Amino acid sequence: MQHENLLQLPSSNDPLRVDRRGLDILNSPWLNKGTSFTLEERQELGLSGLLPPFVADMEEQVQRVKENYLHHSDPLDKYIFLTGLADRNVTLFYSFLMENLVETTPIMYTPTVGRACQKFGHIYRKNRGMYLQRRHKGRIAEVLENWPKSEVDIIVISDGSRILGLGDLGANGMGIPIGKLVLYVVGAGLHPDRTLPILLDVGTDNEQLLNDPLYLGMGHRRVDEGTFYEIIDEFVAAATARWPHVLIQWEDFTNDKAFPLLARHRERAPSFNDDIQGTGAVALAGLLAAVHHQESTLSEQRIVFFGAGSASVGVANMICTAIADEGRMSTAQARELIWLVDSRGLVSTQRGGALQEHKQAYARQDMTADSLMEVVRQVQPTVLIGASGQPGSFTEDIIKVMNRHCKRPIVFALSNPTSKSECTAEQVYHWTDGTAIFASGSPFGPVRHSGKIFIPGQGNNMFIFPGIGLGAIASGATQVTDSMFHIAAKTLAQMVTDEELAAGTLYPDLGKIRQISLAIATAVCRLAWDDGIARYDEPEDIREYVRRCMWHPEYRPYVPV
Ligand code: NAI
């Protein structure tokens, strides 16, 4: 296949031929440049007199946005303000986000997006993305035709059944596919005009929402499993028929659906589940950086997970692959270094009752235990990873018992949003007298302990998924493989500097996200070509090719058609 089929983007100097005039342009968030239209453009496009006289550049516009943004103190108000900006001027929205990336990422995504979802029906302003519903069953292809873009590179789809750690939020979950795609654009330069958020509204079992008069979803309970899978199958067939190369990212499905969905569709369409695979890769990257810092190896660790859902099993799978990759043991032997604890205690073959399929490979045959404390006492872990959505579950006693057997315990409290974190950064540093190596799912600020400043790392999936997405799209990969996540984790871990490690940070500065995504996407592309699963011809210089695929929020000159 020729390279002109790829997403190579025009440069910011290439004029865009515009077939609209006047308010039609100003009212289109994709075309609007606000006060940045030049005098010639105003003259030629029927904009004269419709704008204040001053011609601003992007920098001045960003400054004005910042001033307005800072008027809001509540993060949710900031979210609403920025969403309004995206509704008016997409280019300026992304320019502002990229200039203020570290400040705005927790607004557009976790933790604030969690609150936005909880109140989605109450703060709703304008349509974005698509809602597929039970009543569309049998005609999903026809409904997808209503999306006005002939090119879609990526769809993020959720059924809102497990939003962050906040449970079933039904159609309110739409905030997540929207937010995630914003991060793809910011993080890896996917073209915003070619992204599609979808909320699959198959009902909700959340009583509060069902009784909320402002809830915007279908007011019925969740459909049965058979209907759910039929709708999903129909969606995949319809989406890949309309956009044959589209990458599908499954997002925030409950784990009883997340694993089967991934298994069922990953070979039919390029698709992945970020909660499973992205989390796996980002946690593995943190762990690789931590063991590197300790001059140890993964196979020397004893790893206890609190929570045995999508995130934990995704991380466990990725760790086992990486341990096998170290060459000292097989994947099966690597599983022996892992203990999963769920709401019923240690996941074990001896505890009675059925075990969900995704837990079975990790079920211990050698012991039972009812509580996390009991497991910590018996196993004496070197690594404790929380992905349970249970705030405060890493107590002082548990961390201290762990620290008794392990001089530098590695503690990851991955549950999101911040209110669900198993413990705070401050607690861990204090309880272990600064010896712990800590990372979290939601951001924590720097902590001072005994005169030293610790900067906790955020195991943010944003380090991984944008680069994976860009690499898969740029190569036209027919599948998104586990090896891609493994290489992404290794690439990320290598980008942490010694200074960052010394300050306790296991991840690079998020401000470098575009460089990180470029490196990951390049590695992913290389793998796709090596493995023979890329649809496109291999370019001479993969890195340069990927770099040219990245969209930047810049205004192009407009000329009338
Ligand atoms: P999930 O629903 O698939 O799994 C939750 C697990 O926690 C289940 O195994 C459940 O049995 C267990 N659990 C629930 N209550 C418990 C209790 N009282 N004691 C012990 N275990 C209990 O959810 P998933 O997708 O695994 O996500 C879990 C958390 O991880 C969420 O808060 C989510 O936001 C977070 N997460 C963080 C990521 C990151 O930091 N990069 C990425 C993905 C998820």
Side-chain angles (χ1 to χ4, degrees), residues 105-106 109-111 113-114 117 158 161-169 173 176 179-180 183 249-262 272-287 304-318 339-347 351 353 355-359 362-363 369-375 384-395 398 412-422 438-444 456-465 485 489 492 506-507 510:
T105 301
Y109 210 68
T110 181
V113 75
C117 287
S158 176
S161 56
R162 197 241 63 196
I163 294 299
L164 305 173
L166 300 170
D168 180 357
L169 296 186
I176 295 291
K180 201 104 194 199
L183 300 192
Q249 193 219 291
W250 308 106
E251 177 74 25
D252 281 2
F253 286 82
T254 47
N255 63 41
D256 59 324
K257 306 265 174 32
F259 287 94
L261 271 182
L262 180 63
F272 70 97
N273 181 309
D274 185 54
D275 306 309
I276 301 174
Q277 296 157 290
T279 309
V282 82
L284 173 62
L287 206 51
V304 168
F305 285 87
F306 189 61
S310 317
S312 290
V313 172
V315 177
N317 289 346
M318 200 58 69
W339 290 259
L340 300 184
V341 179
D342 65 12
S343 48
R344 294 172 51 220
L346 180 72
V347 172
R351 77 177 183 186
L355 266 186
Q356 281 176 290
E357 202 180 328
H358 63 270
K359 298 177 185 170
Y362 295 97
D370 290 336
S371 67
L372 177 61
M373 177 59 116
E374 221 182 308
V375 174
L384 178 62
I385 298 178
S388 63
Q390 302 301 309
S393 43
F394 290 175
T395 60
I398 288 173
F412 288 1
L414 293 182
S415 289
N416 292 324
T418 320
S419 60
K420 300 286 179 186
S421 188
E422 283 78 8
F438 177 78
S440 56
S442 293
F444 283 104
Q458 186 193 355
N460 187 336
N461 290 28
M462 185 182 178
F463 284 120
I464 298 287
F465 66 78
F485 286 93
L492 179 60
L506 299 178
Y507 296 95
L510 193 61

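All values below were derived from every heavy atom in this structure, side-chain atoms included, with hydrogens, water molecules and symmetry-related copies excluded. Computed from a predicted structure; not experimentally measured. Just so you know, ligand 1 is whichever comes first in the structure, and atom 1 is the first atom listed for that ligand. Quick note: residue numbers are just sequence positions, from 1.
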Quiz prompt | Within-cut-off N or O pair, K420 and ligand 1, under 3.5 Å | solution = no

Exercise. Identify, by atom number and element, the atoms of ligand 1 in contact range of A387, meaning under 4.0 Å from any of its heavy atoms.
Key: 5 (C), 6 (C), 7 (O), 28 (C), 29 (C), 30 (O)

Quiz item: With no hydrogens and no angle check, is any side-chain donor or acceptor of S312 less than 3.5 Å from a backbone partner on G307?
Solution: yes

Exercise. Flag the pair L372 / F394 as yes when at least one side-chain heavy-atom distance between them is below 4.5 Å, and no otherwise.
Key: yes

Self-check item: N or O pair under 3.5 Å between V341 and ligand 1
Solution: no

Exercise. Any atoms of ligand 1 less than 4.0 Å from a non-hydrogen atom of G309? List them with their elements.
Key: 1 (P), 3 (O), 4 (O), 6 (C), 8 (C), 9 (O), 26 (O)

Self-check item: Candidate list I385, V304, V313, L346, test side chain to side chain contact (heavy atoms under 4.5 Å, CB included), partner L340, passing option
Solution: V313

Practice problem: Report yes or no: does Q390 have a heavy atom closer than 4.0 Å to ligand 1? | Solution: yes

Quiz item: Would you say atom 10 (C) of ligand 1 has a protein heavy atom nearer than 4.0 Å?
Solution: no

Quiz item: Can you list the ligand 1 atoms lying under 4.0 Å from a non-hydrogen atom of G307?
Solution: 6 (C), 7 (O), 9 (O), 12 (C)

Self-check item: Shortest protein heavy-atom distance from atom 39 (C) of ligand 1, along with the residue and atom involved
Solution: N461 OD1, 3.5 Å

Exercise. Start with the C-alpha distance between S393 and E422, add both sets of side-chain angles, then the distance that settles side chain to side chain donor-acceptor pair (under 3.5 Å), and finish with yes or no.
Key: CA-CA 5 Å; S393 43; E422 283 78 8; 4.8 Å; no

Quiz item: Short N/O distance, under 3.5 Å, between T279 and ligand 1?
Solution: no

Quiz item: atom 31 (C) of ligand 1: which protein heavy atom is closest, and how many Å away?
Solution: G165 CA, 3.9 Å

Quiz prompt | D342/R351 ion pair, N-O < 4.0 Å | solution = yes

Quiz prompt | Minimum side-chain heavy-atom gap L169-D252 below 4.5 Å | solution = no

Exercise. Quick one: look up the protein heavy atom nearest atom 26 (O) of ligand 1 and list residue, atom name and how far away it is.
Key: A311 N, 2.8 Å

Quiz item: Just which atoms of ligand 1 are under 4.0 Å from any heavy atom in G441?
Solution: 40 (O)

Quiz prompt | side-chain contact (heavy atoms from CB on, under 4.5 Å) between L287 and V315, worked out | solution = CA-CA 10 Å; L287 206 51; V315 177; 5.9 Å; no

Self-check item: Residue selection (non-hydrogen contact nearest atom 6 (C) of ligand 1) among S310, S312, A258, A308
Solution: A308

Quiz prompt | Numbered atoms of ligand 1 (with element) below 4.0 Å of N255, judged on heavy atoms | solution = 1 (P), 2 (O), 3 (O), 4 (O)

Quiz item: Which heavy atom of the protein is the closest neighbour of atom 19 (N) of ligand 1, given with residue, atom name and distance?
Solution: F306 CZ, 3.2 Å

Self-check item: Heteroatom distance test (D275, ligand 1): nitrogen or oxygen, under 3.5 angstrom
Solution: no

Quiz item: Can you tell which part of D342 has a heavy atom less than 4.0 Å from ligand 1: side chain, backbone, both or neither?
Solution: both

Quiz item: Are F305 and Y362 an aromatic pair by the rule of ring centers under 6.0 Å?
Solution: no

Quiz item: If you measure from CD on Q458 to CZ on F463, what distance do you get to the nearest 0.5 Å?
Solution: 7.0 Å

Quiz item: Should V113 and I163 count as side-chain neighbours, where that means a heavy-atom distance under 4.5 Å?
Solution: no

Self-check item: Top protein contact for atom 22 (C) of ligand 1, by heavy-atom distance
Solution: S343 N, 3.6 Å

Practice problem: May I ask you to check whether over 12 heavy atoms, not counting those of Q356, lie within 6.0 Å of atom CD? | Solution: yes

Quiz item: Considering S388, S415, P391, which one's heavy-atom position lies nearest to atom 14 (C) of ligand 1?
Solution: S388

Quiz item: Considering only the protein, which heavy-atom contact is closest to atom 25 (O) of ligand 1, and what is its distance?
Solution: R162 NH1, 2.1 Å

Quiz item: Does V282, backbone or side chain, put an N or O under 3.5 Å from an N or O of ligand 1?
Solution: no

Exercise. Under 4.0 Å from a heavy atom of G459: give me the atoms of ligand 1 that qualify, with their elements.
Key: 39 (C), 40 (O), 41 (N)

Exercise. May I ask you to check whether N416 has an N/O atom sitting below 3.5 Å from an N/O atom of ligand 1?
Key: yes

Quiz item: Which value, rounded to the nearest 0.5 Å, describes the distance between L166 atom CG and K420 atom NZ?
Solution: 6.0 Å

Quiz item: Among V341, L384, D370, whose side chain to side chain contact (heavy atoms under 4.5 Å, CB included) with V375 holds?
Solution: V341

Quiz prompt | Residue selection (non-hydrogen contact nearest atom 36 (N) of ligand 1) among I464, L414, T110 | solution = L414

Quiz prompt | The single option from N416, I176, N461 passing side chain to side chain contact (heavy atoms under 4.5 Å, CB included) against Y109 | solution = I176

